Amino acid sequence: FVVKDRDTAYTPAQRSLIVMQILLRARYDETHEKAGIRRLLADGTYLDCFSLHEGSYNKPSLNGEILDRHLLYLIWARPSQWYKRQPLWLIRRYFGDKVGLYFAWLGFYTKCLYAPAIVGLLCFMYGVGSLDSEDNIPSKEICDPNVAGIIFIIIYI
């Protein structure tokens, strides 16, 4: 490939994939029979293989450029940003398509659970509020120390 601008030609996820493919195909002996990082991992030469992140997460690069990792930290991976929408475009660019799709699904699933969580919380509050009322016979039977053991024995048998 003829690349005019090395920094913008590939996303960080694509660069990590290219490096991994090179490591998988690299020959490391004179006979060219043994190849790849997986073989080196299986032999015990290396303990593990991880792709490195670009730059520091908590400060810009040395030339002042804001890298994707630092930008993800600023707008996504901080506790103070819990209420904001996920930057799916940046997650996909930095980590790849599969991870971006995973976080898109996770955000959708979390939003779908809002209604059941509210209903469950209301049911719990109603149960706590009606614990001392005369109409709540099951709670009185379960919380009564004289009757609770008998109920457990009946359920267990």
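Worth knowing before you read on, the calculation uses all heavy atoms, side chains too, and leaves out hydrogens, waters and symmetry mates. Computed from a predicted model, the values in this text were never measured in an experiment.
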Student: Spell out, yes or no, whether Leu113 and Leu121 are grouped together once hydrophobic residues are joined by side-chain heavy atoms under 4.5 Å, including indirect joins.
Tutor: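 Not linked; separate clusters.
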
Student: For Asn58 and Ser56, which heavy atoms make the closest approach, and how far apart are they?
Tutor: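 Asn58 and Ser56 have their closest heavy atoms at OD1-OG, 2.6 Å.
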
Student: Quick one: do Phe124 and Tyr126 end up in the same hydrophobic cluster if we chain Ile, Leu, Val, Met, Phe, Trp and Tyr together by side-chain heavy atoms under 4.5 Å apart?
Tutor: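 No.
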
Student: Can you name the side-chain contact (heavy atoms from CB on, under 4.5 Å) partners of Arg38, sequence neighbours left out?
Tutor: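 By the side-chain contact (heavy atoms from CB on, under 4.5 Å) rule, Arg38 matches Leu24.
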
Student: Evaluate the side-chain proximity of Leu101 to Arg92: yes if any heavy-atom separation is below 4.5 Å, no if none is.
Tutor: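 No, every pair of side-chain atoms sits at 4.5 Å or beyond.
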
Student: Can Ile18 be reached from Phe95 by stepping across I, L, V, M, F, W or Y side chains whose heavy atoms are under 4.5 Å apart?
Tutor: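 No, Phe95 does not connect to Ile18 through the hydrophobic network.
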
Student: Please report the shortest heavy-atom distance between Gly96 and Ala13, naming the atom on each side.
Tutor: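 Taking every non-hydrogen atom into account, N-CB, 3.4 Å.
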
Student: Just grab all the salt bridge (Lys or Arg N to Asp or Glu O under 4.0 Å) pairs involving residues 40-53, residues at least two apart or on different chains.
Tutor: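 Pairs touching residues 40-53 that pass the test: Arg39-Asp43.
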
Student: Assess whether side chain to side chain contact (heavy atoms under 4.5 Å, CB included) is satisfied between Thr11 and Gln14, documenting all intermediate values.
Tutor: CA-CA 5 Å; Thr11 66; Gln14 289 172 332; 3.3 Å; yes

Student: Looking at every non-hydrogen atom in both residues, tell me the closest pair between Leu88 and Gly100 and how far apart they are.
Tutor: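 What the structure gives for the nearest pair is CD2-O, 4.1 Å.
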
Student: What is the distance from atom CD1 of Ile37 to atom OG1 of Thr45, rounded to the nearest 0.5 Å?
Tutor: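 Result: 8.5 Å between the selected atoms.
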
Student: Do you reckon Leu106 sits in the same ILVMFWY cluster as Tyr94, going by side-chain contacts under 4.5 Å, direct or chained?
Tutor: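 Yes, one cluster joins them.
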
Student: Less than 3.5 Å apart, which donor and acceptor atoms pair up between the side chains of residues 66-76 and the rest of the protein, not counting sequence neighbours?
Tutor:
{"from": "Asp68", "atom 1": "OD2", "to": "Arg93", "atom 2": "NE", "distance (Å)": "2.7"}
{"from": "Asp68", "atom 1": "OD2", "to": "Arg93", "atom 2": "NH2", "distance (Å)": "3.4"}
{"from": "Arg69", "atom 1": "NH1", "to": "Gly55", "atom 2": "O", "distance (Å)": "2.8"}
{"from": "His70", "atom 1": "ND1", "to": "Tyr57", "atom 2": "O", "distance (Å)": "3.0"}
{"from": "His70", "atom 1": "ND1", "to": "Lys59", "atom 2": "N", "distance (Å)": "3.3"}

Student: Taking Gln86 for the side chain and Phe103 for the main chain, is one N or O donor matched with an acceptor at less than 3.5 Å?
Tutor: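 Checked: pair present.
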
Student: Are Phe108 and Trp105 close enough that their ring centers fall under 6.0 Å?
Tutor: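 Centroid distance Phe108-Trp105: below 6.0 Å, so yes.
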
